[in-house]
Amino acid sequence: MPRANDEVARALNELAVLTEIEEANPQAFRVRAYQNGVRAVSGLSRDVSTMSAAELQQVKGIGKAIASKIREQVDTGRMGKLEELRQKYDPGLLDLLKVPGLGAKTVQLLNDVLGIKDLDGLRSAIDEGRLRDLPGLGEKTERNLKKALERLRETSHENRMPIARALPLAEEIVATLDLLPAVQQVEYTGSLRRFRDTIGDLDVLVASDDPEPVMAAFAELGLVREVIAQGPTRASVLTWDGLQVDLRVVEPAHIGAALVYFTGSKAHNIQLRERAIKRGWTLNEYALSDAETGAVIAGATEHEVYDALDLAWVAPEMREDAGEVQAAAAGELPDLVTVEDLRGDLHDHSDWSGDGRSSLDEMVAAAAERGLSYLAITDHAENLRINGVDRAGMLRQRKELAQLQERHPDLRLLHGAELNVGRDGSLDYDEQFLLGFHWCVASVHSHFRLEPDEQTERVVAAIRHPAVNVIGHLTGRRIGKRPGIELDVEAIFDACVETGTALEINCNLDRLDAAAEVVRDGAARGVTFVVSTDAHHTQELDYHRHGVRQARRGGLDKAQIANTWDTDRFLEWAGAKRSEVRT
DNA sequence: GCCGTTTTCGGCCCGACTGTTTTCAGTCG
């Protein structure tokens, strides 16, 4: 996300929280409008500081008032309305709202009656037993808040978990519950099923006629540290590493509606419900049903629900209220790429790179086993001091690869390299040597903190190099660990289209780079993508399944992904750029 | 504050769980 968007989103979010306190109601329409604004800004790949108020208003969720607030923030560095509310409410109140169990109403009550303005104030009030006498509160609430405060100190609730940690955890929970005889179906849902980069909490959905043993088994999972809430069909637990996991059990006849409901996004669901209402129906987690008679119209499968609403089934990765409902209604959803569509992998390391773990022939054999049609070995080039391969090494590797090619006639092997984009956009080796490779990935591995125009310039220089076929992990981000370089993505798209250079979708869960919104916007501009594992070990060739979901989040059709093409077409395209230079 | 194949005004999703209530309010997702 461009830095300006990040700043604006933060300001709008604070505005939403303060307004929530002001109106003492999280449902207040103004609060929701601001929250929608945060989502709208976060979902833009374009830099908001370059957009006029009129252009901003074109974005769904941004109207006249929010557009002018954004311009004000960009032009003056402040937002009048926000400053006003900051004057009025103590910043500690924002911390109080983050305490699980405390909402706007109670925070205002605490402030008005007891003068509690921050976490310390709350702590002393609890210790002195002053909360229990407030209307609507009691000893139990006091105890719960005390616990919530302790928990807050250990695990920061606002830190979302990177998908690289959440997905394995979810798969483990799903696999364990799936073993129970009472469980007919179990899926993780929520933002993880939509394949967001980070996950706030984990949602698990079970279809069962007999919820009791499921609830019991869930609460007793080894990774559960504490049960936060537990009813007959719903429970929330906290894992040892601070992730909240919510379980919901529904009858098998309701699993379709429940999957829709719990997969979200919230905004996508609201779109569906509004559609239902217009037809005189209601949609909840149990079913789509007639509002008058209660007669069930659909609910057993997701497809049934979408179908009844005159919509094509929308893939979970696209359910972000970014126009997918309208597209589903018009029959204009993209035919999303699937993992079976991928025919090759184009960013792979061997132990010739210092960080590779499998040998060349192991990598090649593993790719052949998986039925790939082509494979590019792209070990690190020499400028990467620790891991790089020098010229002599690369030439030896090329010979070895040629021998392996004879043993694997059905797998076309390409000798490539992962080049390092230098601070000034320069690359390893020299142009003649680079043109000797079949396939070159160029990636940023250093100088992450340059200004956006410098970053853009160096990457564009790499894109313009005749030997470079694709830019690897565009920003170098590590989700939850390192933000990645800032770029003018529009300039990148233009250079890619002009030169016939692709952008990579890196399958590593730590990276998933380019980001989904960049993929979406780039595809609209005509950029070609490749989905590559960046495997450093044979097992990582299976990471295609992650990259494909990232591509689907970006709305990609297989036609836009070069490594779905058959070998001849792919080779012709890959060779086109460098042959232009030779002639 | 936003939005429009019924709308430029009048709507804006809905149910589980908890704790405090004898019928419901607040919070959460």
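By convention in this document, chain letters (A, B, ...) are assigned in the order of the sequence lines, proteins followed by strands, and residues within each chain are numbered from 1.
At whole-Å resolution of the value, CG in Leu311(A) and C1' in dT5(B) are 14 Å apart. Asn36(A) places its CG atom 8 Å from the P atom of dC3(B), with the value rounded to the nearest Å. One interatomic measurement links the two molecules: CD1 of Ile270(A) to P of dG11(B), which rounds to 18 Å at whole-angstrom precision. Straight-line distance from the CD atom of Gln244(A) to the P atom of dC28(B): 10 Å, rounded to whole Å. Rounded to whole Å, atom P of dT20(B) lies 8 Å from atom CD of Glu139(A). Remark: C1' of dC28(B) and CD of Glu285(A) are 13 Å apart, rounded to the nearest angstrom. Atom CG in Asp246(A) sits roughly 12 Å away from atom P in dT18(B) (whole-Å rounding). Between the CD1 atom of Ile70(A) and the C1' atom of dC2(B) there is a distance of 13 Å, given to the nearest Å.
dT20(B) and dC14(B) have their C1' atoms separated by 22 Å, with the value rounded to a whole Å. Annotation: dC13(B) and dG19(B) have their P atoms spaced 28 Å apart (nearest Å). dA16(B) sits 26 Å from dG11(B) when the P atoms are compared, rounded to a whole Å. Taking the C1' atoms as reference points, dC3(B) lies 9 Å from dT8(B), given to the whole Å. Nucleotides dT5(B) and dG1(B) are separated by 24 Å at their C1' atoms, to the nearest Å. dG10(B) and dT6(B): their C1' atoms are spaced 13 Å apart (whole Å). Taking atom C1' on both dC28(B) and dT22(B), the two are 25 Å apart, rounded to the nearest angstrom.
Distances were taken from every side-chain heavy atom of Thr106(A) (C-beta onward) to each of dG1(B), dG26(B), dG29(B); the shortest belongs to dG26(B). Of the candidate nucleotides dC3(B), dC13(B), dT20(B), dC13(B) has the atom nearest to the side chain of Lys266(A). Closest to the side chain of Arg234(A), out of dC17(B), dC2(B), dC13(B), is dC17(B).
Phosphate contact (OP1/OP2 of dA16(B), side-chain N/O of Tyr286(A), threshold under 4.0 Å): present. Residue Thr233(A) has a polar side-chain atom (N or O) positioned under 4.0 Å from OP1 or OP2 of dC17(B). Thr141(A) has no side-chain polar atom (N or O) that falls below the 4.0 Å cut-off from OP1 or OP2 of dT18(B). In terms of phosphate contacts, Asn144(A) brings a side-chain nitrogen or oxygen within less than 4.0 Å of OP1 or OP2 of dG19(B). Applying the 4.0 Å criterion to OP1 and OP2 of dC13(B), one finds that Arg32(A) has a side-chain N or O inside that range.
Side-chain contact between Val186(A) and Val214(A) is absent, with no heavy-atom pair separated by less than 4.5 Å. Counting heavy atoms from C-beta outward, Asp120(A) and Arg123(A) have side chains that approach closer than 4.5 Å. By the 4.5 Å heavy-atom criterion applied to side chains, Glu22(A) and Val31(A) are not counted as neighbours. A heavy-atom distance below 4.5 Å is found between the side chains of Ile126(A) and Leu145(A).
With sequence neighbours excluded, the residues forming a side-chain contact (heavy atoms from CB on, under 4.5 Å) with Arg39(A) are Asn36(A), Ala267(A), Asp321(A), listed by chain and number.
Ala104(A) comes within 4.0 angstrom of sugar-phosphate atoms only, judged by non-hydrogen atoms across all strands, and of no base. At a threshold of 4.0 angstrom between heavy atoms, the contacts of Tyr34(A) are confined to the sugar-phosphate backbone, with no base atom among them. Contact annotation for Pro232(A): backbone-only contact, meaning every heavy-atom pair under 4.0 Å involves sugar-phosphate atoms and none involves a base. Among the heavy atoms of the strands lying under 4.0 Å from Lys69(A) are primed sugar atoms or P, OP1, OP2 only; no base atom is included. Contact annotation for Asp203(A): backbone-only contact, meaning every heavy-atom pair under 4.0 Å involves sugar-phosphate atoms and none involves a base. Heavy atoms of Asn284(A) sit under 4.0 angstrom from primed sugar atoms or phosphate atoms, though from no base atom. Residue contacts for Gly190(A): at a heavy-atom cut-off of 4.0 Å it reaches no nucleic acid atom on any strand shown.
Looking only at atom types and distance, the side chain of Asn144(A) has no donor-acceptor partner in the side chain of Glu142(A) under 3.5 Å away. Ser208(A) and Asp210(A) share no side-chain donor-acceptor pair at under 3.5 Å. Side-chain contact check for Arg160(A) and Thr198(A): at least one donor-acceptor pair (N or O, by modelled atom type) lies under 3.5 Å. Looking only at atom types and distance, the side chain of His268(A) has a donor-acceptor partner in the side chain of Glu324(A) under 3.5 Å away.
Using a 4.0 Å cut-off on heavy atoms, the residues of residues 271-278 of chain A that approach DNA chain B are Arg273(A), listed by number.
Glycosidic conformation, dT7(B): syn, with the torsion inside 90° of 0.
Listed by first and then second residue, the salt bridge (Lys or Arg N to Asp or Glu O under 4.0 Å) pairs involving residues 275-284 of chain A are Arg279(A)-Asp310(A) (not counting sequence neighbours).
dG10(B) and dC3(B) make up a base pair, with Watson-Crick or G-U wobble contacts both under 3.5 Å.
The stacking criteria are not both satisfied for Phe29(A) over the base of dC2(B), which would need a centre-to-centre distance under 5.5 angstrom and an angle between ring planes under 30 degrees.
Of the two residues near DNA chain B, Ala229(A) and Gln57(A), the one whose nearest nucleotide lies more 5' is Gln57(A). Along DNA chain B, the nucleotide nearest Gly231(A) and the nucleotide nearest Glu142(A) are compared for position; the residue whose nucleotide lies closer to the 5' end is Gly231(A).
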